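Everything numeric in this text was worked out from a predicted model, so none of it was measured.
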Amino acid sequence: MPAIEVQLTFASYNIHKAIGLDRRRDPDRIIAILREIDADVVALQEADRRFGERHSVLPLTSLDEHSPYRVVPLGGRPGSIGWHGNALLVRRGIEIVAADIVPLPTLEPRGAVRADLVVLGQKIRIVGMHLDLSGLRRRQQVRAILADLARCEGAGATVLMGDLNEWAMHGGCLREFGNLWRVLSCGPSFPSRRPVASLDRIVISPGWRILESRVHHSALASRGSDHLPIFARLEMPKN
């Protein structure tokens with residue numbers, strides 16, 4: 001019986017608390033940009049307000065009524081959809097079997113989140129992250145994320161994505177991924193008006209076949225946040 005090939009689109013987007021270049025907080029614009037990308041799995045950064053109750057900047061009712069996504073539950077504060085602003089969205093119909101936060105060594109409000117999904121019977125692990133401004137701290141945080149993955153049971157095909165805050169193209173914290181992981185070249189995503197830096201990255205485990213990886217640059221995305229979203233369309237043969 002031939003293997004069933006699973007094709008999924010993964011996207012990462014630092015939404016800057018839904019504040020665009022026009023200095024307006026516009027959650028509906030962010031949701032419209034997510035619909036443009038039409039990914040199956042999305043990692044968001046800066047998805048919650050930084051102070052107070054850390055409420056989501058994307059109303060849950062808007063996500064329910066105007067998007068194909070549901071939020072991966074992380075057991076945080078009521079009204080929040082993330083952990084230190086990191087949130088995961090999955091297309092309805094994708095099964096969520098586990099989710100947790102990934103503690104990171106940090107002096108800033110940064111973090112990472114992890115979820116296990118099942119698509120057509122195949123387990124897929126995803127990590128969303130927002131790393132530190134300090135190069136030393138970023139390297140420590142990547143090591144912490146990889147150590148967390150090594151401790152997890154039942155590892156399947158894995159995709160890591162987020163705002164790494166890494167200006168280097170190949171060095172810096174990217175070296176921590178070694179030869180096992182593949183860092184995709186989606187393109188410059190920051191700043192959104194005239195992007196010059198590839199701060200946002202998607203990193204994949206062995207076995208994925210890359211069909212497409214790039215920056216999503218539309219009229220809405222160019223002003224929706226200070227970052228542009230990135231995405232990768234990947235194919236993984238069923239085991």
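Looking at residues two or more places apart in sequence or on another chain, you find a salt bridge (Lys or Arg N to Asp or Glu O under 4.0 Å) between Asp38 and Arg91. Take Phe10 and apply the ring-ring contact (aromatic ring centres under 6.0 Å, His included) test, not counting sequence neighbours, and it matches Trp208. Applying the side-chain contact (heavy atoms from CB on, under 4.5 Å) rule to Glu36 yields the partners Ile33, His216, Ser218, Leu220; only residues at least two apart in sequence or on another chain are considered. With sequence neighbours left out, the salt bridge (Lys or Arg N to Asp or Glu O under 4.0 Å) criterion links Glu95 to no other residue. For Phe190, the ring-ring contact (aromatic ring centres under 6.0 Å, His included) criterion is met by His227, not counting sequence neighbours.
Both Val42 and Leu60 belong to a single network of hydrophobic side chains, linked directly or stepwise wherever heavy atoms of I, L, V, M, F, W or Y lie under 4.5 Å apart. Linking ILVMFWY residues whenever their side-chain heavy atoms come closer than 4.5 Å, directly or via other members, places Leu8 and Ile96 in the same cluster. Leu63 and Ile30 end up in the same hydrophobic cluster when Ile, Leu, Val, Met, Phe, Trp and Tyr side chains are linked at under 4.5 Å. No single ILVMFWY cluster, assembled from side-chain heavy atoms under 4.5 Å apart, contains both Val183 and Met169.
A donor-acceptor pair is defined here as one N or O able to donate and one able to accept, closer than 3.5 Å; such a pair exists between the side chain of Gln141 and the backbone of Pro105. A side-chain donor-acceptor contact under 3.5 Å links Asn165 to the backbone of Leu131. A donor-acceptor contact shorter than 3.5 Å is absent between the side chain of Arg139 and the backbone of Cys173. Between the side chain of Tyr13 and the backbone N or O of Phe231 there is no donor-acceptor pair closer than 3.5 Å. With hydrogens and angles ignored, the 3.5 Å screen pairs no side-chain donor or acceptor of Arg114 with any backbone N or O of Leu149. The closest donor-acceptor contact from the side chain of Asn86 to the backbone of Val113 lies at 3.5 Å or more, if one exists at all. In terms of modelled atom types and a separation under 3.5 Å, the side chain of Ser225 and the main chain of Gly20 share no donor-acceptor contact.
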(Q) Apply side-chain hydrogen bond (donor to acceptor under 3.5 Å, both in side chains) to residues His84 and Arg110 and explain how you reach the verdict. (A) CA-CA 6 Å; His84 288 312; Arg110 306 290 188 188; over 6 Å; no
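Among the candidates Val72, Val41, Asp40, Leu44, the single residue satisfying the side chain to side chain contact (heavy atoms under 4.5 Å, CB included) test with Leu89 is Leu44.
The structure places CD1 of Ile124 at 9.5 Å from OG of Ser205, a figure rounded to the nearest 0.5 Å. With rounding to the nearest 0.5 Å, the separation of CG in Leu174 from CD in Glu166 is 5.0 Å. Remark: Arg70 CZ to Ile94 CD1 distance equals 8.5 Å, nearest 0.5 Å.
Residues Lys123 and Asp116 are paired through a salt bridge, judged by an N-O separation under 4.0 Å between the basic side chain and the carboxylate.
Environment of CZ in Arg25: crowded, with over 12 heavy atoms of neighbouring residues, nucleotides or ligands closer than 6.0 Å.
Among pairs with a residue in residues 192-207, none fulfils salt bridge (Lys or Arg N to Asp or Glu O under 4.0 Å), at least two apart in sequence or across chains.
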